[in-house]
Number of protein chains: 2
Amino acid sequence: MGLAKTELFTTEQNKLASLLKALAHPARIAILQHIIQSNTCICGDLVTEIGLAQPTISQHLKELKNSGLIKGTIEGTSVCYCIDEQNWNIARELINSFFNQNSNSADCC
Amino acid sequence: MGLAKTELFTTEQNKLASLLKALAHPARIAILQHIIQSNTCICGDLVTEIGLAQPTISQHLKELKNSGLIKGTIEGTSVCYCIDEQNWNIARELINSFFNQNSNSADCC
DNA sequence: TTATTTAATCGTAATATTGCAATATATAAA
DNA sequence: TTTATATATTGCAATATTACGATTAAATAA
């Protein structure tokens, strides 16, 4: 099919998977790291910093924006992207609590 | 293209993205939660617990195994899957440190 | 106004993912 | 051995993703 059967899963499972999907590409990881590391918001320099074409970067930025992890504000002819701190923290918590479900792991295997 | 340009990114960026990709599907989230929540290792019940066909579950299990997050041992005719605690912790740390890069965020947007 | 600059969108090709029926494999039971 | 049970693999259809050239849109500069 190619289509995830979202109706089989809980809203939380779908939400977590969707968030992880937004992060699951090296270009988007790189973009987020660039945004985080530059004190001021990075704008179009991403295209030169990362070696991908401008439409490709723009597409990845759109996905990150849709996920809520970043937000962009128009600044003259360019656009200024930065982390959406609130959603970033929500995402962190969501992933954290997934990883910290305590497995009463008797290491049975 | 449909092919990620891995050569543009660092090994760490690719590794993190690859790990996140393994997690980025509700079925695989659900499978991991089932494995964690059952005190003993879960075996074949996943097919009935989650509503997907047996080959589909098998495929998702394979991906999780490839990512290193779970391991399976043959137990008679069935296979017993459980979390690979060591790799699980490595994954947790990798994702954690990604989220905890301190943004010197002057909240510029 | 007409460039120029910057980013978004459109269209499309190449590839990947998801899901499952059919089949294969492997172990256990009869 | 034959049969039953459990899981893996194969092959394929439907859909999604990635990447980019061409174009568009929007703001600024000349």
Parallel under 30°, tilted from 30 to 60°, perpendicular over 60°: which one fits the rings of A/His25 and B/Phe9?
perpendicular

Between the base of D/dA8 and the side chain of B/Gln54, is there a donor and acceptor pair under 3.5 angstrom?
yes

Do side-chain atoms of B/Ser58 reach the backbone of B/Pro55 as a donor and acceptor pair under 3.5 angstrom?
no

5′-ward residue of the pair B/Thr77/A/Thr56 relative to DNA chain D:
B/Thr77

How many whole angstroms separate atom NZ of B/Lys21 from atom P of C/dT15?
14 Å

Cluster question for you: counting only ILVMFWY and a side-chain heavy-atom cut-off of under 4.5 Å, with indirect links fine, are A/Ile95 and B/Leu94 together?
yes

Please test A/Ile70 against A/Ile83 for side-chain contact (heavy atoms from CB on, under 4.5 Å), starting from the C-alpha separation and ending with a verdict.
CA-CA 4 Å; A/Ile70 66 171; A/Ile83 300 293; 4.2 Å; yes

Please report the distance, rounded to the nearest Å, between CG in A/Leu61 and C1' in D/dT17.
16 Å

Rounded distance [0.5 Å steps], CD1 in B/Ile57 versus NE2 in B/His34:
8.5 Å

Once you round it to whole Å, what is the distance between P of C/dT17 and CG of B/Leu20?
14 Å

Atom CD1 of A/Ile57 and atom P of D/dA19: how far apart are they, to the nearest Å?
9 Å

For DNA chain C, find the residues of residues 45-53 of chain A with a heavy-atom distance under 4.0 Å and give them by number; none if there aren't any.
none

Please report, rounded to the nearest Å, how far the P atom of D/dT24 is from the CD atom of A/Gln59.
19 Å

Given that A/Arg28 and B/Ser58 both sit by DNA chain D, which one's nearest nucleotide is further toward the 5' end?
B/Ser58

Quick check for you: to the nearest 0.5 Å, what is the distance between B/Leu69 atom CG and B/Glu63 atom CD?
11.5 Å

Starting from P on D/dT18, measure out to CG on A/Leu64 and report it in whole angstrom.
11 Å

Rounded to the nearest 0.5 Å, what separates atom CG in B/Asn14 from atom NZ in B/Lys5?
13.5 Å

In whole angstrom, give the distance that lies between atom NZ of B/Lys5 and atom P of D/dT18.
14 Å

If each of A/Lys62 and A/Thr6 is mapped to the nucleotide of DNA chain C with the nearest heavy atom, which maps nearer the 5' terminus, i.e. the 5' end?
A/Lys62

For A/Leu8 and C/dC20, give me the distance from atom CG to atom C1', rounded to whole Å.
13 Å

Nearest-neighbour nucleotide for the B/His60 side chain, C/dA7, C/dG19, C/dT17 considered
C/dG19

Any B/Tyr81 side-chain N or O less than 4.0 Å from OP1/OP2 of D/dA6
no

Looking for any heavy atom pair under 4.0 Å, which part of the strands does A/Ser78 touch: base, sugar-phosphate only, or nothing?
sugar-phosphate

